Amino acid sequence: MCGIICYSGSKKAIPILINGLKKLEYRGYDSAGLSVIEDKTPITIKSEGKVSNLEAKTSNITTNASYGIAHTRWATHGRPSEINAHPQLDNKNKICVVHNGIIENYKDLKYELINKGYIFISDTDTEVIAHLIDMYFTDDLEIAVLKTVERLSGTFGLAVIHADIDHKIIIVKRGSPIVIGVGDNEFFAASDPIAISDYTNKIIVLNDDEMAVLNSKEYFIKNLRNEVLKKNIKIVDKDSYSNDKKGFESFMLKEIFEQPISIKNAFRGRIIESEGVSKLGGLEPVLERLKSIKKLIIVSCGTSFYSGKLGRYIFESLTELDVEVEIASEFRYRKFTLDKDVAVLALSQSGETADTIAALKEAKRKGALLLGMVNEVGTTITQLTDAGVYNHAGSEIGVASTKIYTSQLVLLTLMGLLIGRYHGLSFIEGKSIIDGIKKLPEQIKEILSNAKNIQKVSKKYAHFRDFLYIGRLYNYPTAMEAALKLKEISYIHAEGYPAGEMKHGPISLIDENFPTVAIAPDDEVMDKMLSNIEQIKARNGKILSVTNSSAKKVIEISDDIFIVPKTIPVLQPILNIIPLQLFAYYIAKEKGRNIDKPRNLAKSVTVE
Ligand code: F6R
């Protein structure tokens, strides 16, 4: 959703800000804007729609301004419009503010400010920040920002400049991610390191209630008592934060093809073969407590919820934990008690999903151990949890998650292995899981080498309006995730169902116009899947199966098949989803959809 990029240095600021905004486009937004200051005069430009609209407007402007702030907005308070786009300014047009997050008490503050004579121009919650800073400003911008922040409740990552204060940018973080980029006599701030990846790989991750003060020569990180803090600079791998399509026609296709690497990155350095166990450094601080937990609750949304659902089968197979999985937006409002024996694990590629954060806060209040599995380093969930693991899958730009889903499944298996080895899981079982994980990258390459054929089959199915996806056990969540992939990028209606439920209702939908994708590997429930497939065939339903070459009966009965290599049941879903990601992709392509940025969706969902 919303994005921030700021620059203070000696180069022309506008091209740097526009470039940063373009890199943030993948997060989803509906308007954009920037403010730069030259000779104590702010130049503010905003536009609805694409960053390219904003860029076109800036092309008429000649300025050497070398500091400024910029924003992509995803409307929460007030419709998408130029007036509501950020930066928001005070009434004297001196203070410019960009803001990610939501100011919950903005109405009270607005009322107070109106009573003091301030005139509101926009419908945004952000505008109160600009007026409050003006109200508190005498001659020290830091003090005015700190006094303002004291008055705000809610979440924010915000950046402020003042026309009379040369090159100074003040940034404050509470709940919305911000990193500071350190260059040579130039400094950056961004809500996502990708926005500054062309300029520096040295970043500082701000924690909640920290402030950064940048100018063109130096930077300070402070707490909200205005005391300077010492923080380490992190060197990030530029490649993993790049948003270059590397020759692929879209980011989603690139990310599907990156899965052999992202999976390797998920298990690299995290297995101890000689002991048949995994080693997850991020969980070490809580290992003793983890050994004694009795129950694990996985909370997440969307694709991360489906990997959580699979996580239940994984943990039930490898450990003796009692496992529950719940959609974060439901969990956060339920009445429940938790105790010290319970761990709550949040899965989130972005680390910023508002509902998942709220669910974690609820669990924290009730005393559970909080764990996270996150791809984006330093984000809110990583800061909120007691311990966790990173996916290290690199940036995922395509809105529809692919490589992070499979990375989550590998890491869930490694977590299950770690805990399971303290329970009843034997060395031999542990070793066979490790052997299976190590083979995954090559097995995925084998599936990907068949992409042309998958595309050919997909074209045959692109005209259908509805799809059913069915599977049992591990492949029930796989069916749900595969259906989600199809619906989000092709806009075709698709439902994932446990195959055994067909006869309890959905089978009435089946006819020659309603195809079924059956995920039916050669496993202990294959015969049950075969019966379900027979029932669909008997009603003229078309069947596309994902299966293994050894599953002769499934191959014979299906109209079309995607063959995937066979692995142990706990890992099979990682292979089964790959052709179905491609199937969704090629259908969406056939229908001419905007695959990387499907309508109405954002990459990081920071509102409830
Ligand atoms: C779908 C997809 C979304 C996200 C969901 C949660 O392809 O990506 O369903 O999985 O919005 O996001 P994270 O994982 O960032 O918490």
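Computed from a predicted model, the values in this text were never measured in an experiment. Read the numbers this way: they start at 1 and go in the same order the structure lists the ligands and their atoms.
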Margin query: Any nitrogen or oxygen of S401, side chain or backbone, less than 3.5 Å from one on ligand 1?
Written below: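 Yes, since at least one N or O of S401 sits under 3.5 Å from an N or O of ligand 1.
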
Next item on the list: Work out whether the distance between some heavy atom of V399 and some atom of ligand 1 is less than 4.0 Å.
Entry: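 Within the 4.0 Å threshold, so yes.
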
Next item on the list: Please state whether K485 comes within less than 4.0 angstrom of ligand 1, counting heavy atoms only.
Entry: yes

Who's the nearest protein heavy-atom neighbour of [atom], and how far?
atom: atom 3 (C) of ligand 1; value: T303 N, 3.9 Å
atom: atom 16 (O) of ligand 1; value: T353 OG1, 2.4 Å
atom: atom 7 (O) of ligand 1; value: E488 OE2, 2.6 Å
atom: atom 15 (O) of ligand 1; value: S350 OG, 2.6 Å
atom: atom 14 (O) of ligand 1; value: S304 OG, 2.6 Å
atom: atom 5 (C) of ligand 1; value: C301 O, 3.6 Å
atom: atom 11 (O) of ligand 1; value: V605 CG2, 3.9 Å

Please find the pair of heavy atoms, one from [X] and one from [Y], that lie closest to each other, and give the distance.
X: V374; Y: Q349; answer: CG1-O, 4.1 Å
X: L21; Y: A32; answer: CD1-CB, 4.5 Å
X: K364; Y: L384; answer: NZ-O, 3.9 Å
X: I69; Y: C6; answer: CG2-SG, 3.7 Å
X: L338; Y: A368; answer: CD1-CB, 3.8 Å

Checklist line | S545 OG to D560 CG distance, which is reported to the nearest 0.5 Å | finding: 9.0 Å

Note to self: Can you name the atoms of ligand 1, numbered from 1 with element, that are less than 4.0 Å from a heavy atom of S348?
What the structure shows: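 Near S348, the atoms of ligand 1 are 13 (P), 14 (O), 15 (O), 16 (O).
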
Check: Taking V344 as the fixed residue, which of I297, L369, L296 is the one that meets the side chain to side chain contact (heavy atoms under 4.5 Å, CB included) rule?
Finding: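 So the option named by the test is I297.
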
Check: So Y199 and F188, would you call those rings parallel, tilted or perpendicular, with 30° and 60° as cut-offs?
Finding: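 Parallel.
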
